[in-house]
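Okay, structure first, notes after.
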Amino acid sequence: MEEISELLLQRRRKVDALWEAGINPYPNDFTPEQTSDDLFASYGTVQDIPAESETFTVAGRIMARRSFGKAAFIQIQDRKGRLQLYIKKDSIGEESFASFDTFDIGDIIGAQGRPFRTKTGELSLHVTEIRLITKSLLPLPEKFHGLTDVETRYRQRYVDLITNPDVKEVFVKRSRIINLIREFMVARDFLEVETPMMQQIPGGATARPFVTYHNALDMELFLRIAPELYLKRLLVGGFDRVFEINRNFRNEGISVRHNPEFTMMEFYQAYATYEELISFTEELLCHVASELLGSLEFNYQGAAISFQRPWKRLTVREAILEYGDIDAKSLADRDLAYAYAVRLGLDLPEDIGFGKLLMEIFDEVAEAKLIQPTFITAYPTEVSPLSRRSEEDPEVVDRFEFFCAGREMANAFSELNDPVDQKERFLAQVVAKDKGDEEAHYMDEDYIRALEYGMPPAAGEGIGIDRLVMLLTDSPSIRDVILFPQLRRETK
RNA sequence: GAGCCGCUAGCUCAGUAGGUAGAGCACCUGACUUUUAAUCAGGUGGUCGUUGGUUCGAUCCCAACGCGGCUCACCA
């Protein structure tokens, strides 16, 4: 049998009493006409409010209550903020006031009233009618400290959102950021598309996928790790500018920067190069930051970040030389570079490729130091199976990654559109996979076939939306910008 | 997956050098017709994360497990 606390029993008895009195505790026939911010917009600067001013009809959740026997102040919260109501027995009548007396913090109510200023000057509504709209059975967290327990905040995000206005603000900003990006892309004639989340061959990134199963088709499917190969098929199909803002799924560890499902924007532009995407990225992110924050200067976890252009550009090798402790000559020698990696404490296989080795060293010495916005270029071909080779140096590709606050925010490159080269690189990945590299790419014959029809030269980019939101909302954990982050099953 | 830290009332937290627990808020009863974490008086509410062990006795000591946070590993 379920144990019910005295608190919950009291609330349930109130609901029973309402039903018995012929009152529905959950009616749906009340329509608010204004929100809390409408009142402040109309009367926020008016000191002497006329007694016969307009009537406001509002609804919201009771967040605080101060009763005086025959009068009371309550604070209600709606989607725009909080508002104080003054309820006086003489104004709403004996019967209505008796009913109001049973209202609890957490209940949703509807009210009508006229604006006035209290003795202390707070703009409030003097209520003429008040009704219960939804009875709450569970007590809200304490009014002063609110809900701070991190686990409960994630598991019961609804309570977190009711209680903590800052949390609500983060998700309003998240929505705004995504809208700003979408408007920016559409204004540049990019077409928003949706490509499969369930894929027969997961591709477009190096990561372990989630596996699922389709009964009717009797077929194994993978949740996508990236939309890349499908978006590039659309370039073949003639959509020269496409973008998708959607979820990717990667079956990997969870951390303050990683959630198994996360949101990326990927976009592809025909006849563009990765160098053009560098300025495109600067323009896009500066637009978002200035529209959202009204500034290109902001703080992330105590670090002052400036989006003033131009942003720093370094090659992978330059970054290692700048932030590491090795000279250019040694870095050019595979064995000396390997010795350096060992000195750094990296535990790497002896036969590791030079390209992979460079990236290991880069990640160790440079990544965390890239606080200001920085583009890193000249990635080894070995770690970039879908990128176009540099015309000057076939060992590197025409690719950049964008870093800020010590973490990767975006990845872009000129696309490989030579089907023969692409097939060879897939085959190299298949060899790696056979050797046990679980993250290596699968062979995608249909993608090769698409390239054989001819994909226009293009550049493409992926931007991690969650990390961007973290940066622009000063949030330390990815869980702070995802409404329902993945957690283990709740135990009781 | 590993290490460290945490888990006490609905919420925020004390506490017991081992003798089955307290405060504030919330809730209930009463007073109060302009409060701002309203105030005043009284009251209800807990298998102290779970399971074992040690002990006359465990919320406290020990072990395992569960859940969470951080760091590392993997990655975006």
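Keep in mind that what you see is a predicted model, and the values were worked out from it rather than measured. Each chain gets a letter, A, B and so on, in the order the sequences are listed, and its residues count up from 1.
In this structure, the ring of A/Phe400 has its center less than 6.0 angstrom from the ring center of A/Phe375. In this structure, A/Phe280 has its ring center closer than 6.0 angstrom to the ring center of A/Phe184. Here A/Phe298 and A/Phe307 bring their ring centres to under 6.0 angstrom of each other.
Residue contacts for A/Arg250: at a heavy-atom cut-off of 4.0 Å it reaches a base atom on one of the strands shown. Heavy atoms of A/Asp466 sit nowhere under 4.0 angstrom from any nucleic acid atom. Counting any heavy atom pair closer than 4.0 Å across all strands shown, A/Arg479 reaches sugar-phosphate atoms only and no base atom. Residue A/Gly253 is in base contact, counting any heavy-atom pair closer than 4.0 Å across all strands shown. Across all strands, A/Phe116 comes closer than 4.0 Å to base atoms (heavy-atom distances). Across all strands shown, A/Arg489 has heavy atoms under 4.0 Å from sugar-phosphate atoms exclusively, and none from any base. No contact: A/Gly462 has no heavy atom under 4.0 Å from any strand.
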Derivation and outcome, side-chain hydrogen bond (donor to acceptor under 3.5 Å, both in side chains), residues A/Gln112 and A/Thr57: CA-CA 4 Å; A/Gln112 257 188 12; A/Thr57 305; 3.3 Å; yes
Stepwise side-chain hydrogen bond (donor to acceptor under 3.5 Å, both in side chains) check, A/Arg224 with A/Asn248: CA-CA 6 Å; A/Arg224 76 176 188 192; A/Asn248 290 343; 3.2 Å; yes
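The aromatic ring of A/Phe73 sits over the base of B/U35, with ring centres less than 5.5 Å apart and planes tilted by under 30°.
Residue A/Lys143 has a polar side-chain atom (N or O) positioned under 4.0 Å from OP1 or OP2 of B/A26. Regarding contacts with the backbone of B/U33, every side-chain N or O of A/Ser67 stays at 4.0 angstrom or more from both OP1 and OP2. Residue A/Arg66 has no polar side-chain atom (N or O) positioned under 4.0 Å from OP1 or OP2 of B/U39.
Here the side chain of A/Arg155 is nearest to one of B/C32, B/C11, B/G68, namely B/G68. Of the candidate nucleotides B/C28, B/U12, B/G10, B/G10 has the atom lying nearest to any side-chain atom of A/Leu7. Taking only side-chain atoms of A/Phe144, from C-beta outward, the nucleotide of B/U33, B/C11, B/A37 with the closest atom is B/A37. Nearest to the side chain of A/Pro139, among B/G68, B/G10, B/U34, sits B/G10. Listed candidates were B/A26, B/U12, B/U33. Nearest to the side chain of A/Glu142 is B/U12. The nucleotide whose nearest atom lies closest to any side-chain atom of A/Arg467 is, among B/U33, B/A76, B/U34, B/A76. Candidate nucleotides B/A26, B/U34, B/C70 were compared by shortest atom distance to the side chain of A/Val256, and B/C70 ranks first. The side chain of A/Leu147 lies closest to B/U12 when the candidates are B/G10, B/A73, B/U12.
Nearest-nucleotide assignment on RNA chain B puts the 5′-proximal partner with A/Pro141, out of A/Arg65 and A/Pro141. Sequence order on RNA chain B of the closest nucleotides to A/Asp90 and A/Thr148 puts A/Thr148 first from the 5' end.
The interatomic distance linking A/Arg257 (CZ) with B/G69 (P) rounds to 15 Å, in whole Å. Between the CD atom of A/Glu151 and the C1' atom of B/C70 there is a distance of 15 Å, given to the nearest Å. Atom C1' of nucleotide B/C72 and atom CD of A/Glu360 are separated by 15 Å, given to the nearest angstrom. Straight-line distance from the CD atom of A/Glu367 to the P atom of B/C72: 12 Å, rounded to whole Å. Rounding to whole angstrom units, CD1 of residue A/Ile162 and P of B/G10 are separated by 18 Å. Spacing between atom CD of A/Gln75 and atom C1' of B/U34 amounts to 14 Å, rounded to whole angstrom units. Atom pair A/Lys89:NZ and B/U33:P shows a separation of 9 Å (rounding to whole Å applied). Atoms CD1 (A/Ile478) and P (B/C70) sit 12 Å apart, rounded to a whole Å.
At a cut-off of 3.5 angstrom, the base of B/U35 holds at least one donor-acceptor pair with the side chain of A/Gln84.
Below 30°, between 30° and 60°, or above 60°: for A/Tyr86 and A/Phe116 the angle between ring planes is between 30° and 60°, a tilted geometry. The aromatic rings of A/Phe103 and A/Phe100 sit perpendicular to each other, their planes meeting at more than 60°, with 30° as the lower class boundary. The aromatic rings of A/Phe362 and A/Tyr379 stand perpendicular to each other, their planes meeting at an angle above 60°, with 30° marking the opposite boundary. Using cut-offs of 30° and 60° on the angle between ring planes, the pair A/Phe222 and A/Tyr442 is tilted.
Stem analysis of RNA chain B (at least three stacked-register Watson-Crick or G-U pairs, each with both distances under 3.5 Å) gives B:1-7 with B:66-72, B:10-13 with B:22-25, B:27-31 with B:39-43, B:49-53 with B:61-65.
Taking atom P in both B/C72 and B/G53, the straight-line distance is 40 Å, to the nearest Å. Using C1' as the reference atom, B/A31 and B/A21 are 32 Å apart when rounded to the nearest Å. B/U44 and B/C28 have their P atoms separated by 15 Å, with the value rounded to a whole Å. Taking the C1' atom of each, B/A58 and B/G1 are spaced 33 Å apart, rounded to whole Å. When the C1' atom is compared between B/G10 and B/A26, the two are found 7 Å apart, to the nearest whole Å. With both ends at atom P, the span from B/A41 to B/C25 equals 11 Å, rounded to whole Å. B/C4 and B/A23: their P atoms are spaced 36 Å apart (whole Å). To the nearest whole angstrom, the two P atoms, one in B/C5 and one in B/U12, are 23 Å apart.
Using a distance-only test at 3.5 Å, with no hydrogens or angles considered, no donor-acceptor pair links the side chain of A/Asn164 to the main chain of A/Val167.
Contacts with RNA chain B (heavy atom under 4.0 Å) in residues 259-268 of chain A: A/Asn259, A/Phe262, listed by number.
Atom CD of A/Glu122 sits about 6.5 Å away from atom CD of A/Gln75, to the nearest 0.5 Å.
Put simply, the side chain of A/Cys404 does not reach to within 4.5 Å of the side chain of A/Tyr300, judged on heavy atoms.
Under the side chain to side chain donor-acceptor pair (under 3.5 Å) test applied with A/Asp107, the options A/Lys135, A/Arg65, A/Lys14, A/Arg61 reduce to a single match, A/Lys135.
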